[in-house]
Amino acid sequence: MAEFIKDLKRTHSCGALTAEAVGQEVILFGWVQNRRDHGGAVFIDLRDREGLTQVVFEQDVDKALQDLAHELRLEYCIGIRGVVKSRGGNVNPKLKTGAIEVHASQLQIFNRSEPVPFPLEDKIDTAEEKRLAHRYLDLRRAPLQRTLMARSKMNLVTRTLMGESGFLELETPYLVKYTPGGARNFLVPSRLSAGKFYALAESPQLFKQLFMVAGFDKYFQIVKCFRDEDLRIDRQPEFTQIDVEMSFVTQDDVFAQIEKLVAALWKEVLGVQLTLPFPRMKFADSMRDYGNDKPDLRFGMKHVELTALVAEHKGCGIPMWASFAEEKAGQIVKAMVVPASANFSRTEADKLEDFVKGMGSKGLARAKVDETGNWTQSPLAKTVTPEARTAINAAVGAKAGDLILFQFGREAQVHTVMANLRIHLGKKLGLIPEIGPKNANDPASWNLLWVVDPPLFEYDEDTKTWAAAHHAFTRPHDECVQYLETDPGKVLCYRYDLVLNGFEIAGGSIRLHDPAVQARVFKAMGISAEEAEEKFGFLLQALRYGAPPHGGIALGMDRLAFLLTGAESLRDVIPFPKTQKGTDLMTDAPGSVLDKQLQELHIASRAPAAAADKKE
RNA sequence: GGGGUGUUAGUUAAGCUGGUUAUAACGCCGGCCUGUCACGCCGGAGGCCACGGGUUCGAGUCCCGUACACCCCGCCA
């Protein structure tokens, strides 16, 4: 008899057969997704990455085939040969292949399967912990297969579009020299240079600028980056960027190229036509209205700055606000309104207080507004002056039944709490979906936004110095250069972030290629010429040899895939992700190593655990 | 480093103010069944209630600690 694989090659995928194929003999390979054994007839749902096809073993087939068919169990890997027949009146409208079925004449079990530890169905409730421990099985599930196939397509679209736009895909090293600042690096001890370490590149940033110096004009790369920081739902220790750098460009040129790329991704993967260009918002406006630099504009609930109003009313008669009787740098009061329509109970408001306390806030001052504009359910109500209350009601636009929420104190803290509170309420009140877009096919579900013109420096309260908000090689606005010495906080720069539904999906800048201005930027940061040379010598040197004006951007590929596919977690768009503690539950990485290995690397471990399980 | 939620058969869960032998569904095993597609029917096996202490006559249940997972703050573009 003809053998599967050797003689009998696969003729179709399990998602390919429709009514048009009726009468054909076909050969399918795949896994048993489900079986319905009627004793006489046996029905098998055969699955591969393209879909499901129903295979039938009828009673009239020979005894050996019938016996083998009864042995089939979930996840057995099999090959079948048979004839496509119409299902007649028994069509299954849920399946793409539901109009037909394959009547088997030959079956081979390539490999049996132990009972799987969790169901391999589209929707499962299984703890992620268990799914990660058997990732190869989780990856068999259709939703993850679709996601990774979409990701593959994203890579292809990116390479095609960037290639057609004249970009070169060039590689940069992963093992690089540690440079201080920015994210914490993973370190790799050097065997050949005793006592020295490589760092895993947190991005190709410096190298891509060197490509520009070298004259490559337009560079891109789909590249892994490594950052040893704590994880979040949208952060993994190793992640992928679409890294881009261009010479002789303005910010607008970079935007146009990236808009083209993002539009192509949405068009090719989802079939959605995004509206170009994407709107822009100034960083300062975003901070003022939304408390962060990645606002989700799919809903309102803007914040209202009350600092000046409170100062004007000498603290409004509210003891907690006495220190706001005069405006003071770094101290602010902000408010937002939960509309009466939300019909918030006291208990729910109390829960909000727990929510903000979880973020380090001391509490959540609040006031319910009644028909006459009076405040109720509020400790503020007792002492607030009527004038201040009227002014605040007007400022926040509060109507009867509305609930005003206040945060006050250190600016950064207020912004963090208010920004998170807004998102939390947006989800709770059903204004935005828990995750992803409401309707992936509707362009309005995709809120894309450039956030531009942020300050070049941030003031570090701890060290009392100005630090680069992005990196030290970002170009300041020409009209701001004059303030570098006198008022560094006022200097805006050509840095930009692309925001999608509240997630930062890309960030970059026009680089500073003028050595004279560069020197002034370092000086403003309190970095001496010697220090700068020590830290960034090779780049500074390179910039002195006729470096072209240049700029670039990096897109977070994982986040793009996460949002584009509507996945529930970033982990669902990464084939083999790490847990929140950076471990791999399947391979048990990181693991301990032998003393001998450490000796070769000229290092010793101080961790108590290393000694305990080194026998492994 | 800090806050929160969780951990009970292979999986998902129930288990109330502490009280006999810890339930169910799906999966698994055996039997029956030709039209199912969440197939159906009958029977069966399967548990260190995460781990370690404590309180109690008695702990899955109450208390403390630890581990792990997830979400958040800090951190991180």
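Every value quoted in this text rests on a predicted model; they were computed, and no experiment measured them. Lettering follows sequence order; numbering is per chain, from 1.
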More than 12 foreign heavy atoms under 6.0 Å from [atom1] of [X]: is that the case here?
| X | atom1 | value |
| --- | --- | --- |
| Tyr198(A) | OH | no |
| Lys294(A) | NZ | no |
| Glu568(A) | CD | no |

Proximity to the side chain of [X] - top-ranked nucleotide from [options]:
| X | options | result |
| --- | --- | --- |
| Arg495(A) | A77(B), G27(B), G1(B) | A77(B) |
| Leu585(A) | A69(B), A38(B), U36(B) | A69(B) |
| Phe43(A) | G1(B), C70(B), G35(B) | G35(B) |
| Glu202(A) | A77(B), C37(B), U12(B) | A77(B) |
| Glu101(A) | C73(B), A77(B), U36(B) | U36(B) |
| Glu504(A) | C75(B), A38(B), A77(B) | A77(B) |
| Arg227(A) | C37(B), C33(B), A77(B) | A77(B) |
| Met359(A) | C73(B), G35(B), U12(B) | C73(B) |
| Arg235(A) | C76(B), U12(B), C70(B) | C76(B) |
| Glu129(A) | A69(B), C37(B), U12(B) | A69(B) |

Rounded to the Å, how far apart are [X] [atom1] and [N] [atom2]?
| X | N | atom1 | atom2 | result |
| --- | --- | --- | --- | --- |
| Leu95(A) | G35(B) | CG | P | 19 Å |
| Leu74(A) | C28(B) | CG | C1' | 10 Å |
| Leu120(A) | G10(B) | CG | P | 17 Å |
| Lys351(A) | C72(B) | NZ | C1' | 17 Å |
| Asn34(A) | G35(B) | CG | P | 17 Å |

Considering just the side-chain nitrogens and oxygens of [X], establish if one lies under 4.0 Å of OP1 or OP2 belonging to [N].
| X | N | value |
| --- | --- | --- |
| Gln54(A) | U36(B) | no |
| Thr416(A) | G74(B) | yes |
| Lys581(A) | C68(B) | yes |
| Arg232(A) | C73(B) | yes |
| Lys130(A) | G10(B) | no |
| Thr579(A) | A69(B) | yes |
| Asn420(A) | C71(B) | no |
| Thr583(A) | A69(B) | yes |
| Arg36(A) | C39(B) | yes |
| Arg571(A) | C71(B) | yes |

My understanding is that a pair needs two contacts under 3.5 Å, Watson-Crick or G-U wobble. By that rule, which nucleotide pairs with [N]?
| N | result |
| --- | --- |
| U34(B) | none |
| G19(B) | C57(B) |
| U7(B) | A67(B) |
| G44(B) | C28(B) |

request  = Check whether any side-chain N or O of Gln33(A) sits under 3.5 Å from a backbone N or O of Leu120(A) as a donor-acceptor pair, and report yes or no.
outcome  = yes
inquiry  = Say we look at U23(B) and A45(B): how far apart would their P atoms be, to the nearest angstrom?
reply    = 13 Å
query = When you compare G46(B) with U61(B), how far apart are their P atoms, in angstrom units rounded to a whole number?
reply = 24 Å
Check every strand shown and say whether [X] touches a base, only sugar-phosphate, or nothing at a heavy-atom separation below 4.0 Å.
| X | result |
| --- | --- |
| Asp125(A) | sugar-phosphate |
| Lys357(A) | nothing |
| Asp354(A) | nothing |
| Ala133(A) | nothing |
| His415(A) | nothing |
| Glu128(A) | sugar-phosphate |
| Gly40(A) | sugar-phosphate |

query = Does the ring centre of Phe255(A) sit less than 6.0 Å away from the ring centre of Phe278(A)?
reply = no
key: Row check, Tyr76(A) ring normal vs Arg35(A) NZ/CZ: under 6.0 Å, within 45°   = no
inquiry  = I'd like to check, for His38(A), whether its ring lies over the base of C39(B) with centroids under 5.5 Å apart and a plane angle smaller than 30°.
reply    = yes
Given RNA chain B, 5'-ward residue of the pair Val56(A) and Gly582(A), judged by closest heavy atom = Val56(A)
key: RNA chain B: 5'-proximal contact among Asp45(A) and Phe118(A) (nearest heavy atom)   = Phe118(A)
task = Would you please classify the geometry between the Tyr290(A) ring and the His303(A) ring as parallel, tilted or perpendicular, with 30° and 60° separating the classes?
result = tilted
query = Donor-acceptor pair under 3.5 Å: do we get one between Arg35(A)'s side chain and the base of C37(B)?
reply = no
ask   = What distance do Asp572(A) atom CG and Arg141(A) atom CZ have between them, rounded to the nearest 0.5 Å?
value = 7.5 Å
